[in-house]
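In what follows, a single structure is set out as C-alpha cells and then discussed.
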Amino acid sequence: MIRPRGLRTLRARALATCAPSLRATGPGQEAPGDCWSRLAALAGGLAVASQIRTDSWPKFVSHQHLHCEAVDESIKSAGGSSIVTLEVQKDRPGLLNEATDKLRSCQVNIKDARISTDEASQSAKHIYIVQCKVTGKGLTEERLEEVSKALRELGVGLCKAEPWPVYTSEEVAQHKTKENGIWVSYKDGVYDITDFVANHPGGQDKILLAAGKAIDPFWRIYQQHTGRGNAVEALAKMRIGDLADPPAVSGQGEDPYDADPDRHPGLIFHNNKPCNAELPSELMMDSWLTPNPVWFIRHHHPVPVIDPDKYRLIVDGVGTKSVTLTLDDLKSRFVKHEVTATLQCGGNRRSELDKIQKTGGIPWGFGAMSTARWGGVYLREVLQHCAGLSLEGVEAFGVKHIVFKGVDDMEASIPVDKALSPYGDVLVAYEMNGEPLPNEHGAPVRLVVPGVVGVRNVKWVGRIIASTEEAEGPWQRGLAYKGFSPMVKDLKNIDVEKIHSMQELPVQSAIVSPKPGSKTELDDIEVKGFAWSGGGRGIIRVDVSCDNGETWITADLVEGKDQSPTRAWAWTFWEASVPVPDHLKGKEVTLLCRAVDSAYSTQPERPEPLWNLRGLNCNCWHQVKVQHVDDE
C-alpha cells in the first residue's frame with residue numbers, strides 16, 4: 001500500500017533533482033527523455049519500485065501524469081519550504097503575475113520561481129518554492145491544500161503543492177561525483193551543483209573540495225560570494241531541498257579578515273572580504289607614480305601577516321639546487337634594481353562588457369590598474385646565480401615555466417623565457433615607490449612581472465619553482481583568466497585546461513578627464529587620459545575624436561613618453577585639445593580615444609566582439625559623453 005505522504009515527497013525529490021533541466025533547457029536543447037531519464041535514475045538510486053515515462057519531453061497537458069509507486073522509509077517530512085508546481089496547458093502573457101498574486105494572497109513568501117516552456121505546444125511548467133509568511137517555514141497540509149485551491153481557480157492546468165524534500169548531511173555526503181550528482185549544503189539548504197561545476201569561476205578543483213559538504217566554511221574565506229550577492233542568487237536556483245541538520249551558527253571563531261590593513265577611503269570598493277578596490281579617476285593622473293595608499297587592490301584571500309625576520313623564500317624545482325633565502329639575504333647578497341611598471345587586472349573595464357551581457361567577475365571600471373617604481377632583485381639572478389638554473393639546464397630538463405606560490409595559497413606561473421630574459425625585468429620586489437613593500441601589496445616580498453596580467457604578479461611569495469608545467473589551480477588552469485569566443489556562453493564540452501592562459505595584455509587607453517556627464521561651454525574640449533600596452537610595447541600615438549570617429553586629433557604624449565619602445569612597462573599620460581564641430585555645439589558630445597603601440601596594434605572599435613564569459617581584456621575605444629553648452 002502506498003503512503004500518500006511518502007509518494008508526495010518522492011515526487012518532490014525527483015522533480016527538485018531535475019529542476020536545473022526544467023528551468024535551463026527545453027525540448028529543443030536537451031535530448032528527448034534526458035530529464036525524465038534523470039528522474040528514473042533517481043528513483044533507481046533510492047532502491048524503490050518506480051514507473052516513470054522516459055520516452056519524450058512532457059507536454060504538461062491534463063491527461064499526462066508522473067506515476068511513481070514507491071515507499072521510501074528514509075524520507076522525512078519537510079519543514080523548511082514547500083514546492084508548488086503549476087502545469088499549464090497553454091501559457092499566456094501575465095500568467096506569472098497572476099500566479100504570484102494568488103500565492104501572496106495565501107500569505108506565503110515566494111523564495112524562488114522557475115519556469116520552463118514548450119514552444120511547440122505552448123505549454124509551461126511553473127515551479128515555486130514558498131514558505132509561510134508567518135512562521136518562515138514550510139506549509140502545513142491545510143495550507144498546502146489552500147494554495148492548490150487558489151491556483152486551480154486560474155483554470156490553466158494541474159496544480160500540486162507539496163512539502164520540500166529534506167536531506168541529512170549524511171545523504172548530502174553521498175553525492176560527490178558527476179555520476180551520482182554533486183551536492184553541497186549552505187545554511188539550511190541543499191543544492192545540486194553538478195551542471196555548474198564546469199563553469200565555476202574559481203575552477204573545478206576548488207569547488208569540488210566542497211562536494212558532499214557544507215560550503216559555509218569555504219564562503220567565510222571567499223566572502224565575495226556573499227558580498228556581491230550574485231553567487232547567492234545563482235546558488236538559490238540550484239536548491240533541491242532543505243538540510244535536516246544545518247551547522248550551528250555559533251562557535252565559528254574570529255573573522256579571518258580581522259587582520260586586514262586599514263584602507264584609504266578614496267578607493268572605489270567592489271568587495272571588502274577579500275578586498276577588491278580600484279583607483280578613482282579623480283586621483284589617477286595626479287601623479288605618474290600612483291601613491292601607495294590609493295594603489296588598486298586585487299585580493300583573493302585575507303591579507304597574511306608575516307614577520308619579516310622570520311620570512312623565508314624557498315627556490316627549487318627541476319634543474320636547480322634548492323636554496324632558502326631570508327629578506328636580509330635578498331637585500332645584502334644581490335644588487336638592487338628598480339623597475340617602473342604598471343600592473344593591470346585582466347578584468348579592467350569589465351563593466352563595459354557587462355552592459356552587453358553579464359559576465360562573471362568584479363565589475364571594474366578602468367581603475368583596476370596602477371603604477372609604481374619597484375625595488376628588489378632580478379628573478380633571473382636568483383634563479384641562475386643562486387639556484388643554479390642555467391640555460392643549458394633549462395633545455396636539458398625541459399623547464400617551461402616558473403611557478404610562484406604565495407603564502408595566501410595563491411599560485412601562478414610565467415613562461416621561463418620571460419623569467420630568464422635579460423630584457424624581461426622580472427623582479428623579486430621588496431620596495432614600492434621608495435618605501436618598504438606594504439602588507440597590502442605583498443610584504444615582505446612579491447613578484448613583479450612587467451607587461452603581464454596582474455594575477456601573475458604573485459604577492460607574499462613564499463616559494464619559486466622551476467617546472468616543466470604551468471602552475472596548478474584556478475588562477476592558471478581554470479577559467480578565471482582565460483578568454484573565450486563571444487559565442488561561448490558556458491563550458492560544456494570545453495577542456496578549459498587546454499585554453500591558453502593570459503600573460504601579456506593588449507593595448508589599452510581611457511579618457512580620465514572630462515568625466516561622463518560633465519558640461520562645457522568651451523569650443524575646445526581639453527581631454528586627458530592614459531595609454532598602456534602589455535609586453536613592454538611602448539605607446540606611439542593616441543587619437544581622440546568628438547564626432548563618432550569621423551575625424552581624429554592626435555594627442556600629445558606627456559609623462560611616460562620617453563620609455564624604451566620595447567621595455568615600456570609603465571603607462572603613458574596624454575592630453576589633447578579637441579575642437580567641437582559647429583553641428584555638435586549645444587548638443588551631447590561623445591569623446592572617443594584609441595591608442596597605438598610600438599607593434600602598431602590598436603584598439604578595436606566596439607565591445608561586442610570582445611565579449612567573453614569572464615569579461616577579460618576589454619580594450620575597445622573608450623568613450624565619454626559630455627554636454628556642450630552653447631550660449632549663442
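The structure displayed is predicted, hence computed values, not measured ones.
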Step-by-step side chain to side chain contact (heavy atoms under 4.5 Å, CB included) determination, Tyr481 to Ser501: CA-CA 6 Å; Tyr481 292 93; Ser501 301; over 6 Å; no

Lys459 and Met410: CA distance, side-chain angles, deciding distance, side chain to side chain contact (heavy atoms under 4.5 Å, CB included) verdict: CA-CA 8 Å; Lys459 301 185 286 288; Met410 170 73 188; over 6 Å; no

Reported CZ-to-CD1 distance for the pair Phe404 and Ile414, which is rounded to 0.5 angstrom: 4.0 Å

Polar side-chain atom of Gln503 near backbone of Pro415 as donor-acceptor pair, under 3.5 Å: no

Thr602 side chain vs Val596 backbone, donor-acceptor pair below 3.5 Å: no

Under 3.5 Å donor-acceptor, Asn348 side chain and Ala368 backbone: yes

Closest heavy-atom pair and its distance - Pro363, Asp354: CB-OD2, 3.8 Å

Interatomic distance, Arg614 atom CZ to Met502 atom CE [nearest 0.5 angstrom]: 10.0 Å

Ring geometry between Tyr128 and His126 (parallel below 30°, tilted from 30 to 60°, perpendicular above 60°): tilted

Full working for ring-ring contact (aromatic ring centres under 6.0 Å, His included) between His300 and Trp460: CA-CA 12 Å; His300 299 89; Trp460 313 290; 9.6 Å; no

Non-hydrogen side-chain atoms of Pro474 and His200 separated by less than 4.5 Å: no

Atom pair OG1 (Thr290) and CE (Met369), whose distance is rounded to the nearest 0.5 Å: 9.0 Å

Residues, nucleotides or ligands: over 12 heavy atoms within 6.0 Å of Lys482 NZ: yes

Side-chain (Arg594) to main-chain (Pro604) donor-acceptor, under 3.5 angstrom: no

Asn612 and Thr359: CA distance, side-chain angles, deciding distance, side chain to side chain contact (heavy atoms under 4.5 Å, CB included) verdict: CA-CA 7 Å; Asn612 59 90; Thr359 65; over 6 Å; no

Inter-residue atom distance His441.NE2 - His299.NE2, 0.5 Å rounding: 7.0 Å

Side chain Lys418, main chain Pro450, donor-acceptor under 3.5 Å: yes

Short side-chain to backbone donor-acceptor contact, Ser351 and Trp364, under 3.5 Å: yes

Glu352 and Leu610, any side-chain heavy atoms less than 4.5 Å apart: no

Of Ile511, Val624, Val512, the residue whose pairing with Val527 passes side chain to side chain contact (heavy atoms under 4.5 Å, CB included): Ile511

Side chain proximity check, Arg456 to Gln476, heavy atoms < 4.5 angstrom: yes

Interatomic spacing from CD in Gln508 to CD1 in Ile539 - rounded to 0.5 Å: 9.5 Å

Whether over 12 other heavy atoms sit under 6.0 Å from Asp262 CG: no

Check: Leu235 and Tyr186 side chains under 4.5 Å, non-hydrogen atoms: yes

Pairwise side-chain contact, Asp408 with Pro302, heavy-atom cut-off 4.5 Å (strictly under): no

Residue pair Arg541, Thr554: steps toward the side chain to side chain contact (heavy atoms under 4.5 Å, CB included) verdict: CA-CA 7 Å; Arg541 194 177 80 241; Thr554 299; 3.8 Å; yes

Side chain to side chain contact (heavy atoms under 4.5 Å, CB included) partner of Pro514, the single match among Ile525, Thr520, Val589: Ile525

Asp523 (side chain) donor-acceptor with Val580 (main chain) under 3.5 angstrom: no

Validation row: Val507, Arg537 side chains within 4.5 angstrom (heavy atoms): no

Member of Glu338, Arg446, Glu431 meeting the side chain to side chain contact (heavy atoms under 4.5 Å, CB included) criterion with Trp374: Arg446

Any donor-acceptor N/O pair, Arg239 side chain to Ala236 backbone, under 3.5 Å: no

Side-chain donor or acceptor of His270 paired with backbone N/O of Ile362 under 3.5 Å: no

Any donor-acceptor N/O pair, Ser413 side chain to Glu470 backbone, under 3.5 Å: no

Lys/Arg N to Asp/Glu carboxylate O, Lys515 vs Glu282, below 4.0 Å: yes

For His622, ring pair (Phe, Tyr, Trp, His ring centres under 6.0 Å) partners two or more places apart: Phe366

Lys90, NZ: over 12 other non-hydrogen atoms inside 6.0 angstrom: no

Closest non-hydrogen atom pair, Val452 against Asn457: O-ND2, 3.7 Å

Ring geometry between Trp571 and Phe530 (parallel below 30°, tilted from 30 to 60°, perpendicular above 60°): tilted

Side-chain H-bond candidate by donor/acceptor type, Lys489 with Gln357, under 3.5 Å: yes

Donor-acceptor side-chain pairing of Arg373 and Asn433 below 3.5 angstrom: no

Nearest non-hydrogen partners of Gly535 and Trp569, listed with the distance: C-CZ3, 3.6 Å

Beyond-backbone contact of Met432 with Trp295, side-chain heavy atoms, under 4.5 angstrom: yes

Greater than 12 external heavy atoms within 6.0 Å of Lys358's NZ: yes

Separation of Thr340 OG1 from Arg567 CZ (nearest 0.5 Å): 12.0 Å

Heavy-atom side-chain contact between Arg298 and Asn276 under 4.5 Å: yes

Shortest non-hydrogen contact between Asp547 and Ser545, atoms and distance: OD1-OG, 2.9 Å

Taking every non-hydrogen atom, the tightest pair across Met284 and Phe573: O-CZ, 3.7 Å

